[in-house]
Participant: 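Attaching a single structure in structure tokens format; questions to follow.
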Amino acid sequence: MSYFDINDILAEEQKITCSFLYDAYNLGQLEEGSRDPDIKKDSKVDLPYWMALALAKSNFVSVIMPSEYQDEYKDKLIADPKVISMRLFPYYDKIGIQLSDFFGDRKLKLLLFKVFRERFLNIYRDSINLKETDISKILGHLTYQEREVFSNGYKSSNDYDKWMSRKSEKVEKNTNSLLISSTSNNNNNNNNNNNNNNNNNNNNNNNSNNNSQNSSYKNTQSTTVKKRKRMFDDE
């Protein structure tokens with residue numbers, strides 16, 4: 001058990017019937033309704049579990065197994081564990097496990113495991129299927145550990161339903177981004193067309209320059225040939 005867990009602390013406050021093995025002087029206040037300052041040997045007194053366990057380990061008292069852990073009640077649990085109400089025993093599982101260790105009762109521990117495994121499965125199934133229901137009555141028939149299982153399943157189921165039904169946070173298409181994307185594509189296309197036109201103009205200019213250079217070269221050659229012809233004629 002955890003020292004800081006309030007449920008563990010409250011569980012150890014559950015009363016356990018003990019039989020005193022010796023006279024207990026000046027402990028009469030432990031026995032409810034008694035005016036005797038002392039507790040006589042063989043007196044049966046209900047003590048908190050933590051105190052009963054400490055006194056039993058010192059061989060000062062003997063612990064009597066509570067009736068809810070004896071055969072009559074265990075038979076009811078075995079018959080149909082899912083319908084048994086734990087309203088009177090909110091810490092049945094926690095104390096039961098500790099008592100099974102104290103008495104060395106392995107059968108009790110196996111019974112608790114089997115019973116609460118079936119109860120937990122049923123409790124969890126109900127917790128995720130019940131919608132908009134007053135769960136206070138349901139929780140009242142469960143142990144504290146079972147209440148945690150039910151509450152967690154119920155909350156998770158409701159949170160999931162809210163998440164699935166939300167409308168304001170659904171993902172929608174952003175028309176602005178589509179418009180921006182379309183405009184950007186048009187601008188890119190226009191730029192590409194302009195670049196292509198510029199390239200064509202440059203090619204035309206290059207062709208003109210090449211033609212001009214070829215014409216100039218031809219003219220130069222023709223003039224040279226004419227000059228040489230005149231020189232031969234003069235001779």
Participant: For a 4.5 angstrom cut-off between non-hydrogen side-chain atoms, does Leu142 reach Arg119?
Facilitator: yes
Participant: Suppose we screen for salt bridge (charged side-chain N to carboxylate O under 4.0 Å, His left out). Which residues come up paired with Arg147, at least two apart in sequence or across chains?
Facilitator: none
Participant: I need the minimum non-hydrogen distance between Ser67 and Tyr73, along with the two atoms involved.
Facilitator: O-CB, 3.9 Å
Participant: With sequence neighbours excluded, tell me which residues meet side-chain contact (heavy atoms from CB on, under 4.5 Å) with Ser136.
Facilitator: Asp134
Participant: Show your working on side-chain contact (heavy atoms from CB on, under 4.5 Å) between Leu47 and Ile16 and close with a plain yes or no.
Facilitator: CA-CA 5 Å; Leu47 300 176; Ile16 303 291; 6.0 Å; no
Participant: What are the two closest heavy atoms between Thr17 and Asp46, and how far apart are they?
Facilitator: OG1-OD1, 2.6 Å
Participant: If the condition is side-chain contact (heavy atoms from CB on, under 4.5 Å), which residues does Phe102 pass it with, not counting sequence neighbours?
Facilitator: Leu53, Ala56, Val63
Participant: Mind checking what makes salt bridge (charged side-chain N to carboxylate O under 4.0 Å, His left out) contact with Asp75, not counting sequence neighbours?
Facilitator: none
Participant: Could you check whether Gln98 and Tyr49, counting side-chain N and O atoms only, form a donor-acceptor pair closer than 3.5 Å?
Facilitator: yes
Participant: Tell me whether Glu72 at atom CD has more than 12 heavy atoms from other residues, nucleotides or ligands lying less than 6.0 Å away.
Facilitator: no
Participant: Is there a side-chain contact between Tyr22 and Lys41, using heavy atoms and a 4.5 Å cut-off?
Facilitator: no
Participant: Quick one: which of Glu68, Glu146, Gln145 gives a side chain to side chain contact (heavy atoms under 4.5 Å, CB included) with Tyr92?
Facilitator: Glu68
Participant: Quick one: ring-ring contact (aromatic ring centres under 6.0 Å, His included) pairs with a partner in residues 120-144, sequence neighbours left out?
Facilitator: Tyr91-Tyr144
Participant: Grab the two heavy atoms, one from Asp80 and one from Ile84, that are nearest each other, plus how far apart they are.
Facilitator: O-CG1, 3.5 Å
Participant: Between the side chain of Ser85 and the main-chain N/O of Arg87, is any donor-acceptor distance below 3.5 Å?
Facilitator: yes
Participant: Do Ser19 and Val61 have side chains that get closer than 4.5 Å, going by heavy atoms?
Facilitator: no
Participant: Is there a side-chain contact between Ile39 and Leu30, using heavy atoms and a 4.5 Å cut-off?
Facilitator: yes
Participant: Quick one: side chain to side chain donor-acceptor pair (under 3.5 Å) pairs with a partner in residues 152-164, sequence neighbours left out?
Facilitator: Lys131-Ser157, Lys131-Asp161, Lys155-Asp159
Participant: Decide whether Met86 and Leu121 are clustered together by the hydrophobic rule: side chain heavy atoms of Ile, Leu, Val, Met, Phe, Trp, Tyr closer than 4.5 Å, transitively.
Facilitator: no
Participant: If you define the side chain from C-beta out and look only at heavy atoms, does anything of Asp23 sit under 4.5 Å from Tyr25?
Facilitator: yes
Participant: Find out whether Tyr69 and Phe103 are in side-chain contact, i.e. whether some heavy atom of one side chain is under 4.5 Å from a heavy atom of the other.
Facilitator: no
Participant: Lys74: which residues meet the salt bridge (charged side-chain N to carboxylate O under 4.0 Å, His left out) condition with it, sequence neighbours left out?
Facilitator: Asp71
Participant: Which is it for Phe20 and Asp42 under the side-chain contact (heavy atoms from CB on, under 4.5 Å) test, yes or no, and what are the steps along the way?
Facilitator: CA-CA 5 Å; Phe20 277 78; Asp42 296 327; over 6 Å; no
Participant: Who pairs with Asn122 by side-chain contact (heavy atoms from CB on, under 4.5 Å), at least two apart in sequence or on another chain?
Facilitator: Lys82, Arg125, Asp126
Participant: For Glu13, check side-chain contact (heavy atoms from CB on, under 4.5 Å) against everything at least two apart and list the hits.
Facilitator: Pro48, Trp50
Participant: Side chains of Ser100 and Asp105: any donor to acceptor distance under 3.5 Å?
Facilitator: no
Participant: Is Ile64 isolated, or which residues cluster with it under the ILVMFWY side-chain rule of less than 4.5 Å, directly or via members?
Facilitator: none
Participant: Which pairs would a plain distance check flag for residues 106-118, meaning a side-chain donor or acceptor within less than 3.5 Å of a matching protein atom at least two apart in sequence or in another chain?
Facilitator:
unit_1: Lys109; atom_1: NZ; unit_2: Asp101; atom_2: OD1; d: 2.5

Participant: Looking at Asp38 and Asn26, would you say the former's side chain and the latter's main chain have a donor-acceptor pair under 3.5 Å?
Facilitator: yes
Participant: According to salt bridge (charged side-chain N to carboxylate O under 4.0 Å, His left out), who are the partners of Lys15, at least two apart in sequence or on a separate chain?
Facilitator: Glu32
Participant: Do Val83 and Leu139 land in one hydrophobic cluster if side-chain heavy atoms of ILVMFWY residues count as linked below 4.5 Å?
Facilitator: no
Participant: Kindly compute the distance separating CG (Leu21) from OG (Ser58), expressed to the nearest 0.5 Å.
Facilitator: 11.0 Å
Participant: Can you check whether Thr143 reaches Pro90 side chain to side chain, under 4.5 Å on heavy atoms?
Facilitator: no
Participant: Applying the 4.5 Å side-chain criterion to the ILVMFWY set and letting contacts propagate, would Leu10 and Leu99 be lumped into a single cluster?
Facilitator: yes
